[in-house]
Amino acid sequence: AALVFDEAHPERLEQLNGILWPIIKESIKREVRRLTTDGASVIAIEAAVLLEAEWADIMDEVWAVEVEEDIALHRLLERSVKTGKPMTRGEAEKRINKQKRDGRFKWRSLDPRV
């Protein structure tokens with residue numbers, strides 16, 4: 001995480017996303033097909049980067065949840081400890097700020113029917 005969220009090298013995150021996002025999108029599509037074949041009528045996909053990764057085109061609906069920044073910070077710090085990869089408050093703030101700059105609240109510009 002330290003390598004790809006390094007503000008001095010934004011190209012690292014872009015490169016990683018360029019590799020992973022198409023793979024993840026195809027994986028989502030395969031899983032949706034499988035679940036649909038198995039009879040699922042409702043499928044929920046939680047993806048923090050759904051809009052930035054341009055996956056909305058494979059969704060029937062997009063729902064967004066907004067959270068206060070201090071709550072997001074607390075959750076991120078808590079989750080980092082639980083996963084055995086604790087981060088400092090500064091690292092967590094940097095990650096949250098990066099998400100905001102990248103259009104974290106871009107969902108507001110979506111078609112109101114979505």
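Of the inter-residue distances, the one linking Glu11 atom CD with Glu14 atom CD reads 7.5 Å to the nearest 0.5 angstrom. Rounded to the nearest 0.5 angstrom, Ile45 CD1 and Leu35 CG are separated by 8.5 Å. The line from CZ of Arg12 to CG of Asp6 is 5.5 Å long, rounded to the nearest 0.5 Å. The CD1 atom of Ile28 lies 5.0 Å from the CE atom of Met59; values are rounded to the nearest 0.5 Å. The structure places CD of Glu68 at 12.5 Å from CG of Leu73, a figure rounded to the nearest 0.5 Å.
We find that Glu31 and Arg34 are joined by a salt bridge, their nearest charged nitrogen and carboxylate oxygen being less than 4.0 Å apart. Under a 4.0 Å N-O distance rule, the pair Arg89/Glu93 qualifies as a salt bridge. By the 4.0 Å N-to-carboxylate-O rule, Glu91 lies too far from Lys94 to be salt-bridged with it.
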Please walk me through it: do Lys29 and Glu26 pass salt bridge (Lys or Arg N to Asp or Glu O under 4.0 Å)? CA-CA 5 Å; Lys29 288 164 65 174; Glu26 287 307 311; 3.2 Å; yes
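Nearest heavy atom pair, residue Met87 against residue Ser80, reads N-OG, 3.2 Å. Val62 approaches Ala56 most closely through the heavy-atom pair CG2-CB, 4.1 Å. Taking each heavy atom of Leu77 and Thr88 in turn, the nearest pair found is CD2-O, 3.7 Å. Here the closest non-hydrogen pair linking Ile43 and Thr36 is CD1-OG1, 3.8 Å. Across every non-hydrogen atom of Val67 and Ala72, the tightest pair is CG1-CB, 3.8 Å.
Distance alone, capped at 3.5 Å, is enough to place a donor-acceptor pair between the Thr37 side chain and the Arg33 backbone.
Of the residues Asn17, Ile19, Ile23, the one that meets the side chain to side chain contact (heavy atoms under 4.5 Å, CB included) test with Trp21 is Asn17.
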